[in-house]
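Start at 1 and go down the list; that is how both ligands and their atoms are numbered.
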Amino acid sequence: MREITVTRPFLPDIREYEEVISKIWERDWLTNNGPLLREFQKKLEDYIGTKNIVMTTNGHLALEIAIRSLGYPSGEVITTPFTFASTTHAITANNLTPVFCDINPKNLTMDAEKIEALITENTRAIVPVHVYGHPCEIEKIEAIAAKHGLEVIYDAAHTFAERYDGRSLASYGYASIYSFHATKLFHSVEGGAIVYRDSEKGAELKALKNFGILDETTIEYIGGNAKMNEFQAAMGLVNLRHIDSIVEERRLITMHYRRQLSEIRGIRYFEPDLDGRTEYNYAYLPVLVQREEYGASRDELYEALKKEGIFARKYFYPLLCDAGCYQYLPPCDVPAARKAASSVLCLPIYNGLAPEDIDRICSVIAKVGGCR
Ligand code: T4K
């Protein structure tokens with residue numbers, strides 16, 4: 001029985017990668033803003049349509065740095081509990097306190113209607129997540145932020161290649177961050193980037209990923225090390241050449257899934273483009289398991305798939321407000337997020353997932369729910 005995991009990295013032809021990394025041996029330059037990194041950044045600037053990008057070693061440190069650059073020593077940040085641990089940890093690593101806002105059940109992003117009730121005199125920023133690449137309610141969130149003098153930093157880890165109203169989805173807010181982790185549709189093995197709004201913030205953001213150093217004799221900020229190295233940049237450069245076909249293949253995989261899933265009662269997939277404004281990237285394949293209608297719970301389906309060698313994932317369970325490390329925070333009232341955490345399952349999706357594999361996955365889903 002062949003195992004199917006929730007994702008698998010896209011790997012280019014090895015000769016393409018070898019050709020690019022051979023330059024590392026010619027130049028003896030491995031990291032610290034090397035030539036491949038600069039070339040990768042330039043290509044990304046053209047692709048995303050902005051010059052305001054800082055490359056980082058991963059998405060987590062991109063978020064930590066973006067939040068640090070706001071300059072608050074303490075305070076509260078409104079965020080979503082339905083996300084990967086990284087989002088919340090990046091807030092607390094900056095000595096700020098996460099305040100969890102519920103999500104909307106339509107696309108599982110932060111519920112803009114619930115934000116204002118959470119704002120206090122200690123609120124410093126809003127950190128929403130375009131979860132699975134589903135766009136947040138951007139206009140509503142930004143109107144609330146503007147009214148209260150707050151900045152918005154989007155965790156856009158899942159959004160590479162997405163556009164919203166014709167603009168990169170990562171070009172909204174004070175800043176947005178990408179993850180280029182191996183498990184993402186576009187990757188540089190590990191990697192990330194900050195896309196920022198105000199050009200004058202560039203020098204500080206760049207310094208923050210290099211120990212806060214501005215030049216040989218000026219250490220201006222308390223920063224860490226979040227530099228992307230040349231091997232990462234080489235992988236990013238090569239993979240960027242393939243991004244259109246990567247997205248197209250995933251679109252076809254998603255359509256194949258949807259045709260099959262639409263025949264199974266109680267399994268609902270999400271429509272990411274609710275208002276016709278999003279060019280989606282097909283990064284994830286979350287489905288909602290409606291227990292009563294389907295005839296089994298999300299966890300029963302997860303276990304049944306596992307027995308068949310199909311490793312779907314419960315992204316994002318547990319909620320961050322329920323994680324052991326955040327029990328020092330006051331309890332939060334997030335019923336929609338709780339429902340999502342117990343009923344959403346991410347099905348396998350990756351480049352190279354064969355139609356027969358999708359058929360196999362869907363027939364297990366149908367069988368567990370008693371449909372076939
Ligand atoms: N914000 C959000 C909203 C995020 O989702 C993430 C990361 C971040 C911020 C932080 O960005 P980074 O600092 O990571 O750049 C994975 C990823 O490691 C993580 O990047 C991602 N989100 C998260 C949603 O998923 P795990 O713990 O599920 O990974 P793991 O090792 O269980 O891998 C999942 C599956 O992928 C495996 O079952 C098999 C397959 N796989 C994985 C790797 C690493 C491969 O086939 N090959 C591989 O090399 O977190």
K.L.:
In this structure, does ligand 1 have an atom that sits under 4.0 Å from one of the heavy atoms of Gly192?
P.N.:
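It does not, in that no heavy atom of Gly192 comes within the 4.0 Å cut-off of ligand 1.
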
K.L.:
Judged on heavy-atom distance to atom 7 (C) of ligand 1, which of Arg8, His181, His60, Lys184 sits nearest?
P.N.:
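Considering heavy atoms of Arg8, His181, His60, Lys184, the nearest to atom 7 (C) of ligand 1 sits in Lys184.
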
K.L.:
Counting heavy atoms only, which part of Asp155 comes closer than 4.0 Å to ligand 1: side chain, backbone, both or neither?
P.N.:
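The answer is the side chain of Asp155.
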
K.L.:
Distance under 4.0 Å to a non-hydrogen atom of Asn58: what atoms of ligand 1 satisfy this?
P.N.:
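Those atoms are 13 (O), 15 (O).
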
K.L.:
Would one find an N or O of Arg313, backbone or side chain, under 3.5 Å from an N or O of ligand 1?
P.N.:
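Right, the criterion is met.
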
K.L.:
Quick one: nearest non-hydrogen protein atom to atom 33 (O) of ligand 1, plus distance?
P.N.:
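Ranked first by proximity to atom 33 (O) of ligand 1 is Thr183 CG2, 3.9 Å.
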
K.L.:
Are Tyr47 and Phe160 an aromatic pair by the rule of ring centers under 6.0 Å?
P.N.:
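Yes, the ring centres sit under 6.0 Å apart.
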
K.L.:
What is the closest protein heavy atom to atom 48 (C) of ligand 1, and at what distance does it sit?
P.N.:
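That would be Pro9 CG, 4.0 Å.
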
K.L.:
Please check if the distance between the ring centroids of Tyr350 and Phe10 is under 6.0 Å.
P.N.:
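Tyr350 vs Phe10: aromatic centres not under 6.0 Å.
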
K.L.:
Between Phe84 and ligand 1, is there a nitrogen or oxygen pair with a distance under 3.5 Å?
P.N.:
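Looking only at distances, the answer is no, because the N/O contact criterion of under 3.5 Å is not met.
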
K.L.:
For ligand 1, which atoms sit closer than 4.0 Å to a heavy atom of Gly191?
P.N.:
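Answer for ligand 1: 15 (O).
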
K.L.:
Checking the N or O distance criterion of under 3.5 Å, is ligand 1 in contact with His158?
P.N.:
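Yes.
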
K.L.:
Can you spot which of Arg250, Glu249, Glu248 makes a side-chain contact (heavy atoms from CB on, under 4.5 Å) with Ile246?
P.N.:
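Looking at Arg250, Glu249, Glu248, the match for Ile246 under the side-chain contact (heavy atoms from CB on, under 4.5 Å) is Arg250.
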
K.L.:
Answer with side chain, backbone, both or neither: which part of Tyr315 has a heavy atom less than 4.0 angstrom from an atom of ligand 1?
P.N.:
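It is the side chain that touches ligand 1; the backbone stays farther off.
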
K.L.:
Between Leu237 and Glu39, is a side chain to side chain contact (heavy atoms under 4.5 Å, CB included) present by the stated rule, with each step listed?
P.N.:
CA-CA 8 Å; Leu237 266 172; Glu39 191 184 338; 3.9 Å; yes

K.L.:
For His89 together with Tyr326, are the ring centres under 6.0 Å from each other?
P.N.:
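Ring centres of His89 and Tyr326 closer than 6.0 Å.
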
K.L.:
Enumerate the atoms of ligand 1 whose separation from the nearest heavy atom of Ser86 is less than 4.0 angstrom.
P.N.:
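By the 4.0 Å cutoff, the relevant atoms are 8 (C), 9 (C), 10 (C).
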
K.L.:
Tell me which one of Phe180, Tyr178, Tyr282 satisfies ring pair (Phe, Tyr, Trp, His ring centres under 6.0 Å) with Phe186.
P.N.:
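One option only clears the test, and that one is Phe180.
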
K.L.:
Could you name the option among Thr7, Val6, Thr5 that has the heavy atom nearest to atom 41 (N) of ligand 1?
P.N.:
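The residue whose heavy atom sits nearest atom 41 (N) of ligand 1 is Thr7.
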
K.L.:
Can you list the ligand 1 atoms lying under 4.0 Å from a non-hydrogen atom of Thr83?
P.N.:
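Close to Thr83: 3 (C).
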
K.L.:
Using the side-chain contact (heavy atoms from CB on, under 4.5 Å) definition, which of the options Glu142, Glu139, His130 pairs with Tyr172?
P.N.:
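Passing option: Glu142.
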
K.L.:
May I ask you to check whether over 12 heavy atoms, not counting those of Arg8, lie within 6.0 Å of atom CZ?
P.N.:
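12 or below, so no.
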
K.L.:
Does either side chain, that of Asn33 or that of Lys227, offer a donor lying less than 3.5 Å from an acceptor on the other one?
P.N.:
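Result is no, nothing qualifies.
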
